[in-house]
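Some notes on the structure that comes next.
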Amino acid sequence: GVMARSVDGAALFSAVLRGRPEFDRPAAPSAPIIGLCLTLPGAASPSDATLSLIEAAARRAEARGATLRPLQLPAGFERLVEAHKTVMAYEAAGALAYERLVHHAALSPALAALLDEGAAIDAACYDAARENATRIGAAVAGAMAELDAVLAPAAFDEAPLGLDATGDPVFCRPWTLLQLPC
């Protein structure tokens, strides 16, 4: 990729590098359509401070021409949180099997517990979680088809103090499982 101060600059740089002058003038972008997703079905609501920040960001985007629409999450979206836990633990246990089996005592208690949990998950349970994600992910893609971006909380509130944890990842789990940015 290329880096520049603007999209136009990146397009020009890329066009010159590729010898493609027809790409040196990108079309004027249309105003983005942003989906608002302020809650996660099945989870506690984010803090008032988090909601205020998201609403302020939405108002700033709207003031600059964006169209805001509520994002209607499909049925079953709330099951993606548990599906993510299953997939993450199973895959972590597979990826770190050597460390779990040979260096278990040297692992942090949290990582050791995750790997042990993942090793106890059978393939059928993992496959069901992946299939659930694929099915619900297709419905999410349909719900987002006309959107350019989604504005949603990534956490309940600001991160806790210290280095022990970054906070509860519940709001990021579904998006991560669907391989979407969060």
Side-chain angles (χ1 to χ4, degrees), residues 3 32 34-64 66 68-122 125-126 128-130 132-134 136-137 139-141 143-144 147-182:
M3 296 178 73
I34 300 173
L36 289 177
C37 179
L38 300 179
T39 61
L40 180 64
S45 295
S47 72
D48 290 341
T50 296
L51 287 174
S52 292
L53 289 169
I54 292 171
E55 290 165 354
R59 285 192 301 275
R60 284 192 306 274
E62 192 172 40
R64 289 173 175 82
L68 303 176
R69 291 189 187 164
L71 173 61
Q72 299 299 319
L73 295 171
F77 189 87
E78 68 282 355
R79 291 194 304 267
L80 294 178
V81 171
E82 286 305 315
H84 177 266
K85 290 178 183 179
T86 298
V87 169
M88 183 181 72
Y90 183 91
E91 291 181 355
L96 299 174
Y98 175 82
E99 289 80 356
R100 179 180 164 270
L101 295 172
V102 177
H103 300 290
H104 195 275
L107 300 175
S108 71
L111 180 57
L114 174 71
L115 299 181
D116 291 343
E117 176 187 331
I121 296 170
D122 65 35
C125 184
Y126 169 77
R130 295 294 305 160
N132 196 24
T134 298
I136 296 169
V140 170
M144 293 173 40
L147 303 176
D148 296 300
V150 173
L151 187 55
F156 286 106
D157 208 344
E158 61 187 49
L161 294 176
L163 300 175
D164 294 332
T166 58
D168 188 335
V170 69
F171 286 106
C172 292
R173 286 185 184 277
W175 307 110
T176 299
L177 181 62
L178 298 178
Q179 299 177 1
L180 295 169
C182 52

| About how many Å separate CZ of Phe77 and CG of Leu40, when rounded to the nearest 0.5 Å? | 6.0 Å

| query | Side-chain contact, heavy-atom cut-off 4.5 Å: Glu78 with Leu73? | reply | no

| field | Within-4.5 Å side-chain heavy-atom neighbours: Asp148 and Ile34 | value | no

| said: For Gly76 versus Ile136, what's the shortest heavy-atom pair and its separation? | reply: O-CD1, 3.1 Å

| message | If I take atom CG from residue Leu68 and atom CG from residue Leu147, how far apart are they, to the nearest 0.5 angstrom? | response | 10.5 Å

| message | Are the side chains of Arg69 and Leu36 in contact, using a 4.5 Å heavy-atom criterion? | response | no

| request: Apply side chain to side chain donor-acceptor pair (under 3.5 Å) to the pair Tyr90 and Glu117, showing each step before the final yes or no. | output: CA-CA 8 Å; Tyr90 183 91; Glu117 176 187 331; over 6 Å; no

| message | Using every non-hydrogen atom in the two residues, find where Val87 and Ala129 come nearest and quote the distance to one decimal. | response | CG2-CB, 3.8 Å

| Is there a donor-acceptor contact under 3.5 Å from the side chain of Thr50 to the main chain of Pro46? | no

| Hey, does Arg173 have a side-chain heavy atom less than 4.5 Å from the side chain of Leu80? | no

| field | Closest contact, heavy atoms only, Leu151 versus Ile54 | value | CD2-O, 3.6 Å

| message | So Glu99 and His104, do their side chains get closer than 4.5 Å, heavy atoms only? | response | no

| task | Evaluate the ring planes of Phe156 and Phe171, with Trp represented by its six-membered ring, and classify them as parallel (under 30°), tilted (30 to 60°) or perpendicular (over 60°). | result | perpendicular

| Reported CG-to-CG distance for the pair Leu96 and Leu111, which is rounded to 0.5 angstrom | 6.0 Å

| Does atom CG of Asp48 have more than 12 heavy-atom neighbours, drawn from other residues, nucleotides or ligands, at distances under 6.0 Å? | no

| field | NZ/NE/NH1/NH2 to OD/OE distance under 4.0 Å, Arg59 and Glu62 | value | no

| request: Can you measure from CG (Leu177) to OG1 (Thr86) and round to the nearest 0.5 angstrom? | output: 9.5 Å

| Arg130 side chain to Tyr126 backbone, donor-acceptor under 3.5 Å | no

